[in-house]
Structure formats: structure tokens, C-alpha cells
Amino acid sequence: PMPFRSPPTPVVPPARGSHDIQPLLKGNEMANVITPVLRHAGTDPDHMALRGAQRSWTYAQLRDAALAYAQALRTKGIGPGDRVLLIAPTVPEFVITYLGIQALGAVVVPVNTMSTRAELEYFIGEAGCSLVVAWHELGPAAAEAAAAHGIPHWRLTERAQGVGDD
């Protein structure tokens, strides 16, 4: 069995525009899944990191978008160790949101976009989620499941903007 590990170290910078990650990196250890993105943004910021059908992101743009999403989560009370249910197809906004949740030190609980309301209610309850983030083109199941548990629901839109329904 694998030993228990504490939640990942949050990497959200203390001030907007501050991207010093040196205190977070110790040797070859990976502090968090966003750490390689932060490293690349520091060493090769204009290199292409993510391509979508309509738009591409450099490492600097991906870093900035993910950290902005993390800050939005923090502003709404989500913090390290909190679980966020993420329901989104394979779109660039999924990556940005995933990295933003990780940057905050929260835990991503990704689920299938075809999940039913009952399944989503089960996942929320079993994982102890504090927030549901769902792709805006999905049906009402995510919002209904979040409401059944009394937690916020955000619709994820293009450019990784989270819009709260609460």
C-alpha cells in the first residue's frame, strides 16, 4: 500500500504578477503538477504550451491563466486540501482549471462528462467536495447535484472563466 501523503504544496504566488517559485522547488522534487509549467514559464515563457481549436497558450500565458483561476478559487473560499469536482471535456480550459486547482493546493476530482446526476451526487458526497466546476455546455446534472449537497456550482466557459451559479 502507498503511504499517506499530505495535499500538494500550494504554489499560488502571494501577489499578482509575482511568479517566484524557487522556495517551492527542492532538488528534482516536484512540488505540484503545475511546477513544470511554472519552470517552463520562467525559462522559456514564449514557448507553446497548449493548443486548442481556436487559440494557443504559451507557458507564460498558461501559468498566468492557471494562477488567475487559483486566485478566483481562493477568493471564493476554496483552499489547500479542499476537493473540487471537475466535469469537462478534453478542452484547453480543462487543463487551465486543473492546474489552477492544483496551484491552490486543492484536490481535483475529475469525473466523466457523461455522469448522471445520481453519480455526481455520489462523487460529491464520497469525495467531500466543496465546489463543482462543470463545462458550460453540459446539462443541468452538475448544478442539481451541487445544489443537493448545498455546495457552489461554477460553469466553466471558454478561456477558463468560472461563473458561479450560487
Side-chain angles (χ1 to χ4, degrees), residues 5-21 23-25 30-42 49-50 52 55 57-113 115 120-121 123-138 140-166:
R5 297 188 67 167
S6 60
T9 304
V11 294
V12 177
R16 185 162 177 77
S18 170
H19 302 293
D20 181 17
I21 61 165
L24 302 169
L25 306 177
M30 193 164 104
N32 191 308
V33 73
I34 195 174
T35 303
V37 173
L38 299 176
R39 280 188 182 143
H40 284 292
L50 182 62
R55 180 173 179 223
W57 285 263
T58 64
Y59 276 100
Q61 291 169 328
L62 180 57
R63 172 202 61 207
D64 293 348
L67 294 179
Y69 203 87
Q71 186 60 40
L73 290 166
R74 177 191 281 166
T75 300
K76 294 295 186 177
I78 302 299
D82 286 340
R83 289 165 180 81
V84 178
L85 192 79
L86 177 58
I87 315 160
T90 308
V91 293
E93 292 79 9
F94 175 91
V95 175
I96 292 166
T97 304
Y98 191 101
L99 291 173
I101 294 167
Q102 288 285 300
L104 189 58
V107 178
V108 182
V109 181
V111 299
N112 191 317
T113 57
S115 296
L120 295 175
E121 286 185 27
F123 299 143
I124 292 167
E126 287 297 306
C129 294
S130 302
L131 173 68
V132 172
V133 178
W135 186 242
H136 67 101
E137 293 178 344
L138 299 177
E144 293 169 355
H149 280 273
I151 64 171
H153 167 258
W154 287 8
R155 286 170 290 144
L156 180 61
T157 62
E158 286 88 358
R159 304 209 183 220
Q161 296 176 7
V163 180
D165 289 343
D166 51 344

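Hydrogens, waters and symmetry mates play no part in the numbers below; they use all other heavy atoms, side chains included. We count residues from 1, following the sequence as given. Being a predicted model, the structure only gives us computed values, none of them experimental.
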- Message: Please determine whether side-chain contact (heavy atoms from CB on, under 4.5 Å) holds for the pair Y59 and V37, giving the CA-CA distance in whole Å, both sets of side-chain angles, and the decisive distance to 0.1 Å.
- Response: CA-CA 6 Å; Y59 276 100; V37 173; 4.2 Å; yes
- Task: Taking the side chain as every heavy atom from C-beta outward, state whether H136 and E158 have any pair of such atoms under 4.5 Å apart.
- Result: yes
- Query: Side chains of F94 and L86: closer than 4.5 Å at any heavy-atom pair?
  - Reply: yes
- Calculate, to the nearest 0.5 Å, the distance between atoms CD1 and CG belonging to I124 and L85 respectively. 5.5 Å
- Task: Please confirm whether the backbone N or O of E121 pairs with a side-chain atom of H149, one donor and one acceptor, at under 3.5 Å?
- Result: yes
- Item | Exercise: identify the closest heavy-atom pair between G52 and P92 | CA-CG, 3.5 Å
- Query: Do side-chain atoms of R83 reach the backbone of V107 as a donor and acceptor pair under 3.5 angstrom?
  - Reply: no
- Note on the structure: L67 and L38 have their tightest heavy-atom pair at CD1-CD2, 4.3 Å
- Message: I need the minimum non-hydrogen distance between A88 and T113, along with the two atoms involved.
- Response: C-CG2, 3.3 Å
- Message: Let me confirm one number: the CG-NE2 distance from L62 to H40, rounded to the nearest 0.5 Å.
- Response: 11.0 Å
- Indicate yes or no: at least one non-hydrogen side-chain atom of S115 is less than 4.5 angstrom from one of I87. no
- Q61 (side chain) donor-acceptor with T58 (main chain) under 3.5 angstrom: yes
- Kindly determine whether Y98 and V33 satisfy side-chain contact (heavy atoms from CB on, under 4.5 Å), including the steps that lead there. CA-CA 9 Å; Y98 191 101; V33 73; 4.0 Å; yes
- Check A106 against G79 and note the closest heavy-atom contact, atom names and distance. CB-O, 3.7 Å
- Query: Of the non-hydrogen atoms in S130 and P152, which two are nearest, and what is the gap between them?
  - Reply: O-CD, 3.3 Å
- Should D82 and L131 be marked as a side-chain contact (heavy atoms from CB on, under 4.5 Å) after you check the CA-CA gap, both sets of side-chain angles, and the distance that decides it? CA-CA 9 Å; D82 286 340; L131 173 68; over 6 Å; no
- Message: Under a 3.5 Å distance rule, please check whether N32 uses its side chain to pair with a backbone N or O of Q102 as donor and acceptor.
- Response: yes
- Write down the atom of L120, the atom of A145, and the distance for their closest heavy-atom approach. CB-CB, 3.7 Å
- Can you check whether I96 reaches W57 side chain to side chain, under 4.5 Å on heavy atoms? yes
- Message: Under the criterion side-chain contact (heavy atoms from CB on, under 4.5 Å), I'd like the reasoning laid out for E93 against W135: C-alpha separation, chi angles, the key distance, then a yes or no.
- Response: CA-CA 9 Å; E93 292 79 9; W135 186 242; 3.8 Å; yes
- Query: Just how far is it from atom CZ of R155 to atom CG of L138, taken to the nearest 0.5 Å?
  - Reply: 12.0 Å
